[in-house]
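This report concerns only the one structure given below.
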Amino acid sequence: MNTEAFFTLTYGLYIVSTQTKKKKNGYVANTVFQVTAEPQQLAISCNKDNFTAQMIAESGFFSVSVLEQNASKEIISRFGYKSGNDTDKFEQTAFFESPEGIPVVTEGCLSWFTCRLVKTTDMGTHLLFVGEVLDGDVVDEHKMPLTYDYYRKARHGRSPKNAPTYIKPENKKEKKQPETKTSVGQKWICTVCDHIYDPAEGDPEAGIAPGTPFESLPDDWTCPVCGAEKGDFEPYEG
Ligand code: FE
């Protein structure tokens with residue numbers, strides 16, 4: 001199986017949000033699509049371990065905000081790689097509440113929809129939620145939507161482990177490629193998002209020059225993709 005084939009499927013990136021009586025929560029999804037035009041219905045696929053999934057089932061409502069191409073690393077990290085179980089993701093996020101009480105993220109987004117849950121299908125690891133669209137708007141027509149392909153290729157992003165489209169990084173041990181070390185040192189992998197720090201490349205966006213070994217990164221350096229701390233990395237034996 002050539003898993004690269006999966007990467008040729010096109011997806012966008014979205015923030016799906018909801019609110020129960022107790023709290024608001026949201027996560028980054030890439031599986032959002034319109035299933036019918038009449039009525040207008042959207043479907044989303046959500047991992048059962050995802051705290052937001054349990055909350056959508058409980059509240060019966062969700063919103064979808066379409067991330068724009070230049071959405072900040074912070075907002076993707078906040079909603080994409082952190083659990084809302086112990087944090088309030090909305091505390092530092094621009095959003096509004098629909099008349100039904102659904103939080104709708106506007107920060108880093110170019111459009112949004114609000115939906116009432118009409119059908120839930122158990123897909124094993126994931127729940128497929130279908131929602132009837134209640135409302136929607138374009139916030140900024142001049143912005144481009146962030147596609148998963150662009151996120152992967154231009155922004156070096158990866159699906160978190162509970163995304164339906166998650167693909168394990170290649171286990172190169174099996175392929176016997178002893179290229180674990182570059183001339184400037186060991187590669188390290190983020191245990192949260194699988195981003196690989198390659199000392200040969202450094203992290204130019206964070207001012208880390210190519211040729212900087214992982215051990216020399218400042219203590220407050222964080223994963224450029226998910227914002228995890230240095231301690232969340234482990235040597236990459238790929
Ligand atoms: Fe990461």
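One-based numbering along the sequence shown.
Using a 4.5 Å cut-off on side-chain heavy atoms (C-beta onward), W112 and D135 make contact. Proximity of T93 to R78: side-chain heavy atoms (C-beta onward) are separated by under 4.5 Å at one or more points. Contact check for L110 versus V139: no side-chain heavy atoms found under the 4.5 Å cut-off. Annotation: side chain of T31 is in contact with side chain of Y11 (closest heavy-atom distance under 4.5 Å). With a 4.5 Å cut-off on side-chain heavy atoms, I189 and E234 count as touching.
With a 6.0 Å radius and a threshold of 12 heavy atoms from other residues, nucleotides or ligands, N70 has its CG atom above the threshold. Remark: F6 CZ is loosely packed, at most 12 non-hydrogen atoms of other residues, nucleotides or ligands lying under 6.0 Å away. Annotation for E229: atom CD does not count as buried by contact number, only 12 or fewer foreign heavy atoms lying within 6.0 Å.
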Start with the C-alpha distance between F79 and F90, add both sets of side-chain angles, then the distance that settles ring-ring contact (aromatic ring centres under 6.0 Å, His included), and finish with yes or no. CA-CA 9 Å; F79 283 88; F90 287 83; 5.4 Å; yes
Take K230 and F214, measure what side chain to side chain contact (heavy atoms under 4.5 Å, CB included) needs, and give me the verdict at the end. CA-CA 9 Å; K230 212 180 151 185; F214 184 82; 3.6 Å; yes
I'd like to know whether D140 forms a side chain to side chain contact (heavy atoms under 4.5 Å, CB included) with E68, so could you lay out the CA-CA distance, the side-chain angles of the two residues, the decisive distance to 0.1 Å, and finally the verdict. CA-CA 9 Å; D140 189 338; E68 61 111 348; over 6 Å; no
Begin from the C-alpha positions of F233 and Y197 and carry the test ring-ring contact (aromatic ring centres under 6.0 Å, His included) through to its verdict. CA-CA 9 Å; F233 279 67; Y197 177 79; 7.4 Å; no
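For the atom pair CG of L9 and OH of Y148, the computed distance is 10.5 Å after rounding to the nearest 0.5 Å. The OG1 atom of T20 sits 10.5 Å away from the CD atom of Q54 when rounded to the nearest 0.5 Å. Rounded to the nearest 0.5 angstrom, L13 CG and Q69 CD are separated by 11.0 Å. Note that CG of L127 is 12.0 Å distant from OG1 of T52, once rounded to the nearest 0.5 Å. In this structure, N30 CG and D149 CG are separated by 11.5 Å, a value rounded to the nearest 0.5 Å.
Not a single donor-acceptor pair under 3.5 Å links the side chain of T212 to the backbone N or O of G202. A donor-acceptor contact shorter than 3.5 Å is absent between the side chain of S17 and the backbone of S63. S65 places no side-chain N or O within donor-acceptor distance of the main-chain N or O of C109, the cut-off being under 3.5 Å. The backbone N or O of G26 sits less than 3.5 Å from a side-chain atom of K89, completing a donor-acceptor pair. In this structure a side-chain-to-backbone donor-acceptor pair under 3.5 Å is missing from E107 to F95. Side chain of Q186 to main chain of P235: no donor-acceptor pair is present (N/O by atom type, distance under 3.5 Å, no hydrogens or angles).
Using a 4.5 Å cut-off between side-chain heavy atoms of Ile, Leu, Val, Met, Phe, Trp and Tyr, with links allowed through other members, I56 and L134 fall into different hydrophobic clusters.
S59 and T18 share a donor-acceptor pair across their side chains, judged by distance under 3.5 Å alone.
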